[in-house]
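Right, one structure below, let's go through it.
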Amino acid sequence: MVKERLATLNLAFESLPPLSSLQGKFFEEVIEQTYARCVKPQLALLKLTPDKTWSSKVYGELMPHLLDEMFERAKIGKDSLFVDLGSGVGNVVAQASLSTGCASFGIEVCKGPSEIASTFTEQVAARGSIWGMKAGTIKVECGDMLNNKLVPLVIASADMVLVNNKVFSAEREWIYF
């Protein structure tokens with residue numbers, strides 16, 4: 001009787017799609033869960049930054065559906081390099097790597113968000129792997145994009161560079177382009 005039940009259960013499991021087919025928009029759930037666990041508890045750290053919200057150094061986040069469309073239009077995939085200049089807590093580099101499998105590089109000038117980004121991106125990759133998602137390599141650094149020696153190198157190799165510069169000062173506007 002136990003063998004029959006196990007055989008029935010095994011048939012049921014065999015008929016399920018593989019975990020990798022669940023990826024679709026499920027990566028958003030992984031990112032949201034990780035954000036809730038890694039970023040939200042650290043909001044006090046973010047509030048300690050001397051920079052004002054919506055200043056040249058602190059601004060809003062892009063929504064996942066907009067990023068999806070950008071990655072799709074730019075044909076970002078597992079052989080691509082995505083760069084985020086002003087990467088904040090790392091949610092965009094994490095989404096790029098988890099949803100497309102690309103390698104991602106982010107640099108953030110503010111120490112608080114940059115520290116959170118290191119933990120957040122590691123956790124997104126780890127949690128995604130539980131569900132069969134393979135994130136690309138993610139590297140986040142704390143530093144000024146204008147004075148970092150690695151930035152020109154990654155830009156030269158990048159398939160997509162994001163500079164969410166709606167509120168950047170004129171001094172930051174000229175960057176490499």
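Predicted, not measured: the structure shown is a model, and the values here were computed from it. For this chain, numbers begin at 1 and follow the sequence in order.
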Suppose we screen for side-chain contact (heavy atoms from CB on, under 4.5 Å). Which residues come up paired with [X], at least two apart in sequence or across chains?
X: Ala125; result: Ala135
X: Asp79; result: none
X: Ser114; result: Glu108, Cys142
X: Ala94; result: Phe120, Thr121, Val124

Inset, instruction - Please name all residues satisfying side-chain hydrogen bond (donor to acceptor under 3.5 Å, both in side chains) with Glu141, sequence neighbours left out, ordered by chain then number. - result: Lys139, Asn148
Inset, instruction - Applying side-chain hydrogen bond (donor to acceptor under 3.5 Å, both in side chains), name anything that partners Glu32, two or more places apart in sequence or on another chain. - result: none
Check whether any side-chain heavy atom of [X] lies under 4.5 Å from a side-chain heavy atom of [Y], and answer yes or no.
X: Ser99; Y: Phe71; value: yes
X: Val140; Y: Ile107; value: no
X: Arg37; Y: Arg127; value: yes
X: Gln95; Y: Asp68; value: yes

Inset, instruction - Can you sort out the partners of Glu69 under salt bridge (charged side-chain N to carboxylate O under 4.0 Å, His left out), two or more places apart, ordered by chain and number? - result: Arg73
Legend entry - Results of ring-ring contact (aromatic ring centres under 6.0 Å, His included) for Phe105 - residues two or more places apart only: none
Inset, instruction - Step by step, work out the side-chain contact (heavy atoms from CB on, under 4.5 Å) result for Ile155 and Leu85. - result: CA-CA 10 Å; Ile155 287 176; Leu85 303 177; 3.9 Å; yes
Legend entry - Interatomic distance, Met133 atom CE to Ser97 atom OG [nearest 0.5 angstrom]: 13.5 Å
Inset, instruction - Step by step, work out the side-chain contact (heavy atoms from CB on, under 4.5 Å) result for Leu162 and Val83. - result: CA-CA 6 Å; Leu162 176 65; Val83 176; over 6 Å; no
Legend entry - Side chain Asp84, main chain Gly106, donor-acceptor under 3.5 Å: no
